[in-house]
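These notes concern the structure reproduced below.
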Amino acid sequence: MFVSEKELNADLCLESGQVFRFQRTRDGWIGVDGSDVIRCKRVRGGWEVSSSPNASAAREFFQLERSAQEICKQIVSLAGELKPFVAKHRGLRVLRQSRADETLLSFVCSVNNNIERITRLVNWLGGLGREIERGLREFPSLKRIEALTEFELRSNGFGYRGRTIPAAAREAAARGADWLDSLRQLPYADAHEQLMQVPGVGPKVADCVCLIGLGHEQAVPVDTHLWNAATEMYFPEWKGKSVTASRYKAVGDMFRDKFGELAGWAHQYLFYDRVLARRRRVTPVFFSQ
DNA sequence: CCCACACCGATT
DNA sequence: ATCGGTGTGG
(Lines give C-alpha, C1' and ligand atoms only; values in the text may rest on other atoms or scores of the structure.)
Protein backbone atom coordinates (compact mmCIF):
# COMPACT_ATOMS: atom_id res chain seq x y z
CA MET A 1 0.00 0.00 0.00
CA PHE A 2 1.07 3.58 -0.66
CA VAL A 3 1.57 5.85 2.36
CA SER A 4 2.21 9.57 1.98
CA GLU A 5 5.42 11.01 3.42
CA LYS A 6 3.23 13.28 5.55
CA GLU A 7 2.04 10.17 7.33
CA LEU A 8 5.18 8.03 7.29
CA ASN A 9 8.92 8.48 7.25
CA ALA A 10 10.25 4.92 7.43
CA ASP A 11 13.82 6.15 7.93
CA LEU A 12 12.86 7.95 11.13
CA CYS A 13 10.69 5.10 12.39
CA LEU A 14 13.30 2.41 11.82
CA GLU A 15 16.39 4.36 12.97
CA SER A 16 14.97 5.93 16.11
CA GLY A 17 15.86 3.13 18.49
CA GLN A 18 12.39 1.56 18.63
CA VAL A 19 13.28 -1.63 16.75
CA PHE A 20 16.74 -2.92 15.86
CA ARG A 21 16.49 -5.64 13.21
CA PHE A 22 15.50 -3.75 10.05
CA GLN A 23 18.08 -3.45 7.29
CA ARG A 24 18.43 -0.83 4.61
CA THR A 25 17.95 -2.02 1.04
CA ARG A 26 18.80 -0.20 -2.19
CA ASP A 27 15.43 1.56 -2.19
CA GLY A 28 14.19 1.30 1.38
CA TRP A 29 13.98 -1.18 4.24
CA ILE A 30 13.32 -4.83 4.98
CA GLY A 31 12.77 -6.55 8.30
CA VAL A 32 10.69 -8.96 10.32
CA ASP A 33 7.85 -8.42 12.75
CA GLY A 34 6.56 -11.60 14.35
CA SER A 35 6.46 -14.12 11.48
CA ASP A 36 5.96 -11.56 8.72
CA VAL A 37 8.47 -9.91 6.43
CA ILE A 38 7.88 -6.18 6.10
CA ARG A 39 9.15 -4.16 3.14
CA CYS A 40 9.27 -0.39 2.66
CA LYS A 41 10.16 1.09 -0.70
CA ARG A 42 10.74 4.81 -1.20
CA VAL A 43 8.52 6.14 -3.97
CA ARG A 44 7.53 9.63 -5.16
CA GLY A 45 5.70 11.41 -2.36
CA GLY A 46 5.89 8.58 0.16
CA TRP A 47 6.44 4.90 0.75
CA GLU A 48 5.19 1.67 -0.73
CA VAL A 49 4.72 -0.60 2.29
CA SER A 50 3.95 -4.31 2.16
CA SER A 51 4.18 -7.47 4.24
CA SER A 52 3.97 -11.20 3.74
CA PRO A 53 2.56 -13.71 4.32
CA ASN A 54 0.17 -11.58 6.35
CA ALA A 55 -0.69 -8.50 4.30
CA SER A 56 -2.03 -6.60 7.33
CA ALA A 57 1.20 -7.00 9.34
CA ALA A 58 2.80 -3.81 8.00
CA ARG A 59 -0.35 -1.79 8.72
CA GLU A 60 -0.34 -2.98 12.33
CA PHE A 61 3.42 -2.57 12.82
CA PHE A 62 3.40 1.05 11.60
CA GLN A 63 -0.10 1.68 13.06
CA LEU A 64 -1.17 3.02 9.67
CA GLU A 65 -4.86 3.08 10.58
CA ARG A 66 -3.97 6.09 12.75
CA SER A 67 -3.22 9.46 11.29
CA ALA A 68 0.14 10.82 12.39
CA GLN A 69 -0.92 14.24 11.11
CA GLU A 70 -4.00 14.22 13.35
CA ILE A 71 -1.96 13.03 16.32
CA CYS A 72 0.61 15.77 15.76
CA LYS A 73 -2.12 18.38 15.48
CA GLN A 74 -3.53 17.26 18.84
CA ILE A 75 -0.09 17.27 20.46
CA VAL A 76 0.60 20.81 19.25
CA SER A 77 -2.82 22.03 20.41
CA LEU A 78 -2.07 20.63 23.88
CA ALA A 79 1.52 21.92 23.98
CA GLY A 80 2.49 24.60 21.49
CA GLU A 81 6.13 24.39 22.60
CA LEU A 82 6.39 20.99 20.86
CA LYS A 83 5.44 22.41 17.45
CA PRO A 84 9.04 22.73 16.18
CA PHE A 85 9.79 19.15 17.19
CA VAL A 86 6.81 17.51 15.48
CA ALA A 87 7.36 19.73 12.41
CA LYS A 88 11.00 18.69 12.17
CA HIS A 89 10.26 14.96 12.34
CA ARG A 90 7.15 14.55 10.18
CA GLY A 91 6.31 10.92 9.64
CA LEU A 92 7.95 9.67 12.83
CA ARG A 93 5.53 7.22 14.37
CA VAL A 94 5.33 5.05 17.48
CA LEU A 95 5.73 1.48 16.23
CA ARG A 96 3.90 -1.57 17.52
CA GLN A 97 5.94 -4.75 17.63
CA SER A 98 3.78 -7.89 17.60
CA ARG A 99 6.24 -9.92 19.70
CA ALA A 100 6.48 -8.30 23.15
CA ASP A 101 9.23 -10.80 24.04
CA GLU A 102 11.41 -9.35 21.27
CA THR A 103 10.73 -5.87 22.65
CA LEU A 104 11.60 -7.00 26.17
CA LEU A 105 14.90 -8.66 25.26
CA SER A 106 15.84 -5.85 22.86
CA PHE A 107 15.52 -3.27 25.61
CA VAL A 108 17.36 -5.42 28.14
CA CYS A 109 20.19 -5.23 25.57
CA SER A 110 19.74 -1.44 25.44
CA VAL A 111 20.71 -0.86 29.08
CA ASN A 112 23.80 1.36 29.37
CA ASN A 113 24.32 1.03 25.64
CA ASN A 114 24.18 2.91 22.33
CA ILE A 115 22.01 2.24 19.27
CA GLU A 116 24.86 0.83 17.15
CA ARG A 117 25.85 -1.76 19.70
CA ILE A 118 22.24 -2.54 20.67
CA THR A 119 21.63 -3.26 16.97
CA ARG A 120 24.54 -5.68 16.89
CA LEU A 121 23.43 -7.51 20.04
CA VAL A 122 19.75 -7.77 19.10
CA ASN A 123 20.68 -9.06 15.65
CA TRP A 124 22.93 -11.67 17.25
CA LEU A 125 19.93 -12.88 19.29
CA GLY A 126 17.79 -12.72 16.14
CA GLY A 127 20.28 -15.05 14.46
CA LEU A 128 19.03 -17.81 16.77
CA GLY A 129 15.48 -17.65 15.41
CA ARG A 130 13.80 -19.60 12.63
CA GLU A 131 14.74 -18.41 9.18
CA ILE A 132 11.74 -17.14 7.20
CA GLU A 133 13.71 -16.31 4.09
CA ARG A 134 17.35 -15.65 3.30
CA GLY A 135 18.80 -13.50 6.08
CA LEU A 136 15.41 -12.82 7.69
CA ARG A 137 14.54 -14.57 10.91
CA GLU A 138 11.83 -14.68 13.52
CA PHE A 139 13.01 -13.62 16.95
CA PRO A 140 13.86 -16.73 19.04
CA SER A 141 11.58 -17.89 21.85
CA LEU A 142 12.11 -16.98 25.52
CA LYS A 143 12.93 -20.66 26.11
CA ARG A 144 15.73 -20.50 23.53
CA ILE A 145 17.23 -17.36 25.09
CA GLU A 146 16.87 -18.75 28.58
CA ALA A 147 19.15 -21.62 27.54
CA LEU A 148 22.06 -19.31 26.61
CA THR A 149 24.99 -19.18 28.99
CA GLU A 150 26.49 -16.02 30.41
CA PHE A 151 29.87 -17.15 29.05
CA GLU A 152 28.54 -17.55 25.50
CA LEU A 153 26.92 -14.12 25.59
CA ARG A 154 29.96 -12.43 27.13
CA SER A 155 32.15 -14.00 24.43
CA ASN A 156 29.86 -12.40 21.88
CA GLY A 157 30.18 -8.88 23.23
CA PHE A 158 27.15 -8.67 25.55
CA GLY A 159 29.21 -7.70 28.60
CA TYR A 160 27.29 -7.94 31.86
CA ARG A 161 24.03 -8.14 29.90
CA GLY A 162 25.15 -11.74 29.39
CA ARG A 163 23.82 -12.32 32.90
CA THR A 164 20.58 -10.31 32.70
CA ILE A 165 19.42 -11.54 29.28
CA PRO A 166 18.91 -15.24 30.12
CA ALA A 167 17.67 -14.24 33.60
CA ALA A 168 15.02 -11.93 32.10
CA ALA A 169 13.97 -14.58 29.57
CA ARG A 170 13.76 -17.20 32.34
CA GLU A 171 11.60 -15.01 34.58
CA ALA A 172 9.27 -14.02 31.73
CA ALA A 173 8.92 -17.65 30.60
CA ALA A 174 8.34 -18.83 34.18
CA ARG A 175 5.36 -16.50 34.45
CA GLY A 176 3.62 -18.47 31.72
CA ALA A 177 3.55 -18.60 27.94
CA ASP A 178 0.95 -15.84 27.64
CA TRP A 179 2.08 -13.66 30.55
CA LEU A 180 3.63 -10.90 28.43
CA ASP A 181 0.69 -10.77 26.02
CA SER A 182 -1.76 -10.70 28.93
CA LEU A 183 -0.21 -7.37 30.06
CA ARG A 184 -1.88 -5.73 27.04
CA GLN A 185 -5.27 -6.12 28.74
CA LEU A 186 -4.10 -4.53 32.02
CA PRO A 187 -4.03 -0.81 32.74
CA TYR A 188 -0.66 0.74 31.84
CA ALA A 189 0.43 1.23 35.47
CA ASP A 190 -0.21 -2.43 36.32
CA ALA A 191 1.66 -3.70 33.26
CA HIS A 192 4.58 -1.39 34.12
CA GLU A 193 4.69 -2.63 37.70
CA GLN A 194 4.73 -6.30 36.65
CA LEU A 195 7.48 -5.76 34.07
CA MET A 196 9.67 -4.08 36.72
CA GLN A 197 9.82 -7.41 38.57
CA VAL A 198 11.82 -8.97 35.71
CA PRO A 199 15.60 -8.95 36.32
CA GLY A 200 17.39 -6.29 34.29
CA VAL A 201 14.14 -4.36 33.82
CA GLY A 202 13.87 -0.98 35.53
CA PRO A 203 11.38 1.83 34.94
CA LYS A 204 12.83 2.88 31.57
CA VAL A 205 12.99 -0.57 29.97
CA ALA A 206 9.51 -1.35 31.36
CA ASP A 207 8.17 1.79 29.67
CA CYS A 208 9.79 0.85 26.33
CA VAL A 209 8.10 -2.55 26.50
CA CYS A 210 4.78 -0.97 27.47
CA LEU A 211 4.92 1.51 24.59
CA ILE A 212 6.30 -0.53 21.69
CA GLY A 213 5.59 -4.11 22.76
CA LEU A 214 2.23 -3.78 24.50
CA GLY A 215 0.58 -0.75 22.92
CA HIS A 216 0.31 1.23 26.18
CA GLU A 217 0.72 4.68 24.72
CA GLN A 218 0.66 6.52 28.04
CA ALA A 219 4.11 5.05 28.60
CA VAL A 220 6.95 7.60 28.62
CA PRO A 221 10.43 6.04 28.65
CA VAL A 222 12.67 8.57 30.42
CA ASP A 223 16.25 8.02 29.25
CA THR A 224 19.01 10.60 29.47
CA HIS A 225 17.86 12.35 26.25
CA LEU A 226 14.30 12.78 27.43
CA TRP A 227 15.45 13.69 30.93
CA ASN A 228 17.64 16.50 29.57
CA ALA A 229 14.87 17.78 27.29
CA ALA A 230 12.18 17.54 29.97
CA THR A 231 14.21 19.21 32.70
CA GLU A 232 15.13 22.10 30.40
CA MET A 233 11.54 22.63 29.29
CA TYR A 234 9.43 21.67 32.29
CA PHE A 235 11.54 21.04 35.42
CA PRO A 236 14.35 23.63 35.38
CA GLU A 237 14.93 23.09 39.10
CA TRP A 238 16.09 19.53 38.27
CA LYS A 239 18.48 20.49 35.50
CA GLY A 240 21.81 18.71 36.01
CA LYS A 241 20.36 16.50 38.77
CA SER A 242 20.15 12.73 38.52
CA VAL A 243 16.99 10.74 37.71
CA THR A 244 15.53 9.18 40.84
CA ALA A 245 12.47 6.94 40.96
CA SER A 246 10.20 9.78 42.07
CA ARG A 247 11.55 12.25 39.48
CA TYR A 248 11.20 9.56 36.82
CA LYS A 249 7.54 9.19 37.72
CA ALA A 250 6.96 12.94 37.87
CA VAL A 251 8.23 13.42 34.30
CA GLY A 252 6.02 10.63 32.97
CA ASP A 253 3.02 11.87 34.95
CA MET A 254 3.46 15.37 33.54
CA PHE A 255 3.34 13.94 30.00
CA ARG A 256 0.32 11.80 30.89
CA ASP A 257 -1.52 14.78 32.42
CA LYS A 258 -0.83 16.92 29.37
CA PHE A 259 -1.30 14.35 26.59
CA GLY A 260 -3.20 11.39 28.05
CA GLU A 261 -3.09 8.47 25.63
CA LEU A 262 -0.77 10.44 23.35
CA ALA A 263 1.98 10.84 25.97
CA GLY A 264 4.14 8.19 24.32
CA TRP A 265 3.79 9.85 20.91
CA ALA A 266 4.61 13.28 22.33
CA HIS A 267 7.71 11.91 24.05
CA GLN A 268 8.87 10.30 20.79
CA TYR A 269 9.34 13.61 18.92
CA LEU A 270 11.21 15.22 21.80
CA PHE A 271 13.34 12.11 22.34
CA TYR A 272 14.27 11.66 18.70
CA ASP A 273 15.23 15.31 18.34
CA ARG A 274 17.87 14.85 21.05
CA VAL A 275 19.12 11.60 19.52
CA LEU A 276 19.62 13.41 16.21
CA ALA A 277 21.35 16.37 17.84
CA ARG A 278 23.78 13.94 19.44
CA ARG A 279 24.44 12.00 16.20
CA ARG A 280 25.31 15.24 14.42
CA ARG A 281 27.75 16.21 17.13
CA VAL A 282 29.56 12.89 16.71
CA THR A 283 30.09 13.33 12.94
CA PRO A 284 32.08 16.57 12.62
CA VAL A 285 33.54 15.85 9.12
CA PHE A 286 32.39 19.21 7.73
CA PHE A 287 33.33 21.33 10.65
CA SER A 288 36.76 19.98 11.50
CA GLN A 289 39.69 21.95 10.10
C1' DC B 1 13.55 9.91 49.51
C1' DC B 2 18.31 10.93 47.47
C1' DC B 3 22.93 9.81 46.32
C1' DA B 4 27.13 6.98 45.02
C1' DC B 5 28.99 3.24 42.92
C1' DA B 6 29.69 -1.08 40.01
C1' DC B 7 28.68 -3.22 35.81
C1' DC B 8 31.05 -3.37 30.13
C1' DG B 9 32.38 -1.64 25.95
C1' DA B 10 32.54 2.31 22.83
C1' DT B 11 34.40 6.66 22.03
C1' DT B 12 37.51 10.58 23.02
C1' DA C 1 38.01 10.29 31.22
C1' DT C 2 33.04 10.01 30.05
C1' DC C 3 28.73 8.10 28.99
C1' DG C 4 24.59 5.18 29.88
C1' DG C 5 19.93 2.05 32.96
C1' DT C 6 19.69 -1.17 36.70
C1' DG C 7 20.74 -2.97 41.19
C1' DT C 8 22.57 -2.44 45.65
C1' DG C 9 24.07 -0.36 49.73
C1' DG C 10 24.50 3.86 52.78
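In what follows, every chain begins at residue 1, and chains take the letters A, B, ... in the order their sequences are listed.
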Review point. In chain order, what residues pass the salt bridge (charged side-chain N to carboxylate O under 4.0 Å, His left out) check against A/Asp101, with sequence neighbours excluded?
Key: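 In terms of salt bridge (charged side-chain N to carboxylate O under 4.0 Å, His left out), with neighbours along the sequence ignored, A/Asp101 is linked to A/Arg99.
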Check your understanding: Judged by atom type as modelled, is there a donor-acceptor pair below 3.5 Å linking the side chain of A/Asn114 to the main-chain atoms of A/Arg117?
Key ->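 Pair found, side chain donor or acceptor close to backbone of A/Arg117.
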Answer yes when [X] and [Y] have at least one side-chain N-carboxylate O distance shorter than 4.0 Å, and no when they do not.
X	Y	value
A/Asp207	A/Lys204	no
A/Glu138	A/Arg21	no
A/Glu133	A/Arg39	yes

Practice item. Specify the separation, in whole Å, of atom CZ of A/Arg154 and atom P of B/dG9. Key: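 Rounded to the whole Å, the gap is 7 Å.
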Sorted by number, the residues of [range] with heavy-atom contact under 4.0 Å to DNA chain B:
range	answer
residues 193-212 of chain A	none
residues 218-252 of chain A	A/Lys241, A/Ser242, A/Thr244, A/Ser246, A/Arg247
residues 100-117 of chain A	A/Asn112, A/Arg117

Exercise for review: Classify the nucleic acid contact of A/Arg163 as base, sugar-phosphate or nothing, counting any heavy atom under 4.0 Å across all strands shown.
Suggested key: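 A/Arg163: no heavy atom of the nucleic acid under 4.0 Å.
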Review point. Among all residues two or more places apart in sequence or in another chain, which pass the ring pair (Phe, Tyr, Trp, His ring centres under 6.0 Å) test with A/Tyr188?
Key: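 With sequence neighbours excluded, A/Tyr188 shows a ring pair (Phe, Tyr, Trp, His ring centres under 6.0 Å) to A/His192, given in chain and number order.
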Practice item. Measure from NZ or CZ of A/Arg247 to the centre of the six-membered ring of A/Trp238 and say whether it is under 6.0 Å with the direction within 45° of the ring axis. Key: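 Verdict for A/Trp238: a cation-pi partner in A/Arg247.
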What does the list of N/O pairs under 3.5 Å between the protein and nucleotides 8-10 of chain C look like, with a distance for each?
none

